[in-house]
Amino acid sequence: EEVEDARDAEREWRLKYEGSLSSSKEAERARRDAADARAATRLALESADEAKAEAASERRRAERWEREAAAVRETVERCRAAEKDADEAAAELRAAARDQAAALL
């Protein structure tokens with residue numbers, strides 16, 4: 001009976017030891033998985049920061065293009081106004097030339 005008890009005790013010890021090894025392996029696997037998850041999260045955050053920086057840069061570029069487009073529109077308006085003024089001045093000069101020609105005849 002003592003031999004049987006010793007065998008039972010040895011079996012219990014082996015089960016506990018193997019269980020603790022299994023638990024230890026699972027804990028190590030969980031630690032590795034957690035470290036992998038932290039690394040993936042860190043990479044995702046870095047990618048998100050890069051995307052935010054790129055979006056901000058694109059926003060600034062779009063704002064600059066909008067300002068440049070507004071300046072071009074303003075220049076076009078000034079050129080059209082100058083063209084209209086030039087047309088009016090040319091019409092006045094033609095009228096004056098006609099008047100002068102009529103006065104000379």
Side-chain angles (χ1 to χ4, degrees):
E1 192 171 300
E2 285 181 23
V3 170
E4 191 64 35
D5 288 343
R7 285 184 182 156
D8 288 343
E10 182 182 353
R11 257 193 307 264
E12 283 180 32
W13 180 85
R14 276 197 180 129
L15 288 173
K16 285 181 184 178
Y17 178 75
E18 288 172 359
S20 98
L21 281 180
S22 175
S23 293
S24 177
K25 287 178 184 176
E26 288 176 13
E28 181 58 31
R29 191 174 309 120
R31 278 192 288 279
R32 280 194 310 268
D33 290 347
D36 290 346
R38 281 191 298 276
T41 300
R42 192 175 320 107
L43 286 174
L45 289 172
E46 288 172 4
S47 292
D49 288 344
E50 289 171 7
K52 285 179 189 176
E54 188 174 332
S57 175
E58 289 298 321
R59 247 188 330 275
R60 286 189 300 273
R61 184 177 299 128
E63 289 168 355
R64 187 180 73 241
W65 288 343
E66 287 174 12
R67 285 191 306 272
E68 289 174 4
V72 167
R73 284 190 298 271
E74 186 178 313
T75 300
V76 167
E77 289 173 18
R78 282 197 312 268
C79 287
R80 286 183 180 153
E83 184 179 11
K84 182 180 174 189
D85 291 345
D87 288 344
E88 290 173 1
E92 288 175 12
L93 286 173
R94 281 192 301 273
R98 273 192 308 265
D99 291 345
Q100 230 176 14
L104 289 175
L105 294 178

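These numbers come from the heavy atoms of this one structure, side chains and all, not from hydrogens, waters or symmetry mates.
- Within the model, atoms CG of L45 and CD of E50 stand 11.5 Å from one another, a figure rounded to the nearest 0.5 Å.
- With rounding to the nearest 0.5 angstrom, the CH2 atom of W65 is 13.0 Å from the CZ atom of R60.
- Atom CZ of R64 is surrounded by more than 12 heavy atoms from other residues, nucleotides or ligands within 6.0 Å.
- Using a 4.0 Å cut-off between charged side-chain N and carboxylate O, E77 and R80 make no salt bridge.
- The number of heavy atoms from other shown groups lying within 6.0 Å of CD (E54) does not exceed 12.
- Side chain of S57 to main chain of A53: no donor-acceptor pair is present (N/O by atom type, distance under 3.5 Å, no hydrogens or angles).
- A distance of 8.0 Å separates CZ in R29 from CG in D33, rounded to the nearest 0.5 Å.
- To the nearest 0.5 Å, the span separating CZ on R61 from CD on E63 amounts to 12.0 Å.
- The environment of R78 atom CZ is dense: over 12 non-hydrogen atoms of other residues, nucleotides or ligands sit within 6.0 angstrom.
- Applying the 6.0 Å contact sphere to CD of E68 captures more than 12 heavy atoms from other residues, nucleotides or ligands.
- Across all non-hydrogen atoms, the minimal contact from R73 to E66 is NH2-O, 4.4 Å.
- Atoms OG1 and CD, from T41 and E46 in turn, are 11.0 Å apart once rounded to the nearest 0.5 Å.
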